[in-house]
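Sequence lines set the chain letters: A, B, ... in the order given, protein chains first and strands last, and positions in each chain run from 1.
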Amino acid sequence: MMRRRHRAAGKAGLAILVAVILLWTLFPVYWMVSTSLKSPTAVFYNPPELFPAEPTAENYGKLAGGTVGFTPISRFFANSSIVSGVTIVVAVLLALFASYGLSRFSFRLKRPVLVGVLISQMFPLVVMLTPLYILYIHTGMINTYRGLVIAFTGFTLPFCIWMLKSFMDTIPRELDEAAIIEGCSRLGVLRRVVLPLLAPGLAATGIFAFLDAWNNLLFPMSLTTDVSMKTLPPGMILAFGGEFKHDWGGMMAASVLVALPVVAVMVFLQKYLVSGLTAGSVKD
Amino acid sequence: MAGILFKNVGKTYPGMGGTKAVRDFNLAVEDKEFVVIVGPSGCGKSTTIRMVAGLEDITAGEIFIGGRCINHMEPKERDIAMVFQNYALFSHMTVFQNMAFGLQQRRTPKAQIAEKVRKAAEILEIVPLLQRKPGALSGGERQRVALGRAIVRDPAVFLLDEPLSNLDAKMRAAMRAEIAKLHQRLGATFLYVTHDQIEAMTMGERIVVMQAGEIQQVDTPENLYLNPCNTFVAGFIGSPPMNLGEGAVTKQGDGFALEIGGVRFELPRARFPEETLAGYAGREVVWGLRPENIFPEFFYAGEADHLTGRPVLATTQAVEGEVFLSEMTGADTYLHVRIPGKDVICRVSSGLRHRQKGKLKLIPDLSRLVLFDQDSGRNLRDAV
C-alpha cells in the first residue's frame, strides 16, 4: 500500500518536472509567436500581455511587402533557401564519401586525418572571417552564392564527416563484403547497400548542415556587402534592428518565419531519425 | 569442376611487426568435397576463407579455383558465394530482393531471376517469407535466406564462415543436417570455417585443424579422432577432450611397457611396433586415451559383450583411482577420477549403476592408446 502511494507520488513529481521543463523551453517560442501578433504599442504594455488582446497580422504584412532600401524582405528568404539548400547537398555528399573512406578503409594517415578534421572544428568562426574575407576579395567571391556556400560547407563539413562516420560505423562491414561477393563495385555498394541503410544518418547530418547554414549570421553579414545578397539573419537585423529602432513585432514575425522551415524539416525528417532501420541485417 | 588448391599460401598483416596470420598453407580441396577448417579463435581460419573470397589480399603463395589462379581476380569473377556468421542480409530489401541481388548485378533477365529465386526458396522452404524483410525473421530463417542468396547464383564454390555460430543450440543442430543435405543436393565444393569441433566432425568429409596460422592435420573425422597427429589436435577434437598424461616407456621382455598411474602396462605390439618405440625406451612420453577408452573395472567384470558394448581388453590390469566428480549429461555420465599423478575423465553409460564418489579401478583400452613425443608433441606413429 505504502509502496503504491510512493509510486503514485513519484509519477506526479515526474509529471510536474516535465511540465516545468516544457514551460521553460516552450515559453520563449510562445512569446515569439505572441509578440509577432502584437501592434508596436502593445509590445511595450506594462504589465506585458500574455495574450495579445488585439492580435494583428500587420507585422507579417511588413514581411511580405517590406523592403530594405530597394531589396524586398522576401529576397532574404530566397537567398537563405538557395544557399542553405546547396550547402546541404554539397556538405552531405562530400561527407558521405569522406566518411565511407574513413569508416571502411585503413590507410597510413587515417588517424591524423580524423584528428585533423576534428581540430579544424575547434577554430571559432571569427578567426576564419578575416582571412576568408581577404581571400574572397581577391577571388571575386564577395556577394556571391558560391562564396557563401563554400564558407558554410567548410564550416559545417568537419562535424558532418564525424557524424556520418559514426552512423556508417554502425552498418556492419559484412554487408559491404556480401555485396562485393554478389558482384557489386565499391560505388555500387555505397549506392545500393550503404546509402539506403544510412538514411537516418543522412537526414540527421543534412539537418545539421542546414541549421548551420540557415542560422549563420556572421558569414553572410561579412562576406556580402550588397543588401540584395544578404540572407535572413543579417537581413532581419537590417530590416528591424539598428541603433535607433526596435521593431520587436516585425523582428518576431521574421523569427517565426526563420523558425518555420527548421520546424518543418524536423517534422518531415523525424521518422528517418528513428534508428532501427538496420534491424534484421545482422544478429544483434 | 572446381576444386580449390592452396599453394604455400600465407597472409601477413602490415604493421605491428608484420603479424603472420596464415603460414605456408597447402591444401587441395577436391571438386564437390566438403572440407571444414576448424581451430580456436585467432588461428587464421577466417583469414584463409576470406582470401579465397577475395576479401583479403593474398600476401604469399597462390590459390587456384578450378585450375585458375584467383590471386588477382575480383570476387565476382571467382565463381564463389559466401555465407557470413552474422548473415549479412540487406535489411532494407525483402527476402526476394536479397536473394535476387547477385543475379541482378549480373544482369540476369527478370523472368529467370524469379524462377531461380523461387526454386532456391523451395529447396530451403522459405517461399512464404519471400516478401518479408529480414527484420521480421527468426535467426534460423535469416540463415536460410543467407544460404538462399548463395545458392541462387549456382556458384562452383561455397564459402561458409561460421554460419551457425549465432544460432541457438537446437537450431544449430537442425541447420547442420540442413547444410549437409544441401551439399549433397547441389554437388558443389564447400569450404566451411568453424571453431566448433562438433560441427567440423559431423559435417566435414575432411577436416583441416589449424592453430596459430598453421595447418596441424588434414584428415577424415575418424582419423582425426582416433589418431590425432599431435597433442594439440588430441586436445582440441573431442568433447570432453582426450586424457593426456605423462609416463615412462620401458623395455619389458622383448616388448615395451608404459607406466600409467603407477601401473606398468604392456603395450600391444600390433599398435606399437618395435621401430616406433625403439628410441623411447627409458624416456617419458605423453599418452592419450579418450574418455570412452577407459573403463571402470566393475563394468569390465565378465566376458566381452556386444549387447552392452563391453569390449575385449588387452589387459586386466587396473589403475586405482578415486571419483571426485560425476557429470550426468543424459545417455552418458562423465566420471572425473583422480589416479596417481593425474586426473582423468572416464565416460560411462548412465544406465550403469556407477559410484558417485569413492574408489574406482580403471582399465585402459590399450588398443586405442595414442603416444606422443614429449618435446615435439607429435604422434609417435607419425614421427618415424
How about [X]: does its [atom1] atom have over 12 heavy atoms from other parts shown lying under 6.0 Å from it?
X        : atom1 : value
B/Lys119 : NZ    : no
A/Tyr30  : OH    : yes
B/Asn71  : CG    : yes

*Side chain from CB out, backbone as N, CA, C, O: work out which of these in B/Leu55 comes under 4.5 Å of a heavy atom of chain A, or both, or neither.*
side chain
_Heavy-atom check, side chain of A/Ile181 versus side chain of B/Arg149, under 4.5 Å_ = no
_If you count heavy-atom pairs within less than 4.5 Å of chain A, which of B/Glu74, B/Lys76, B/Arg106, B/Gln105 leads?_
B/Gln105
_Shortest non-hydrogen contact from A/Glu182 toward B/Gly102_ = OE1-CA, 3.2 Å
_Rounded to the nearest 0.5 Å, what separates atom CD in A/Glu177 from atom CE in B/Met82?_
7.0 Å
*Checking A/Arg192 against chain B: side chain, backbone, both or neither under 4.5 Å from a heavy atom?*
both
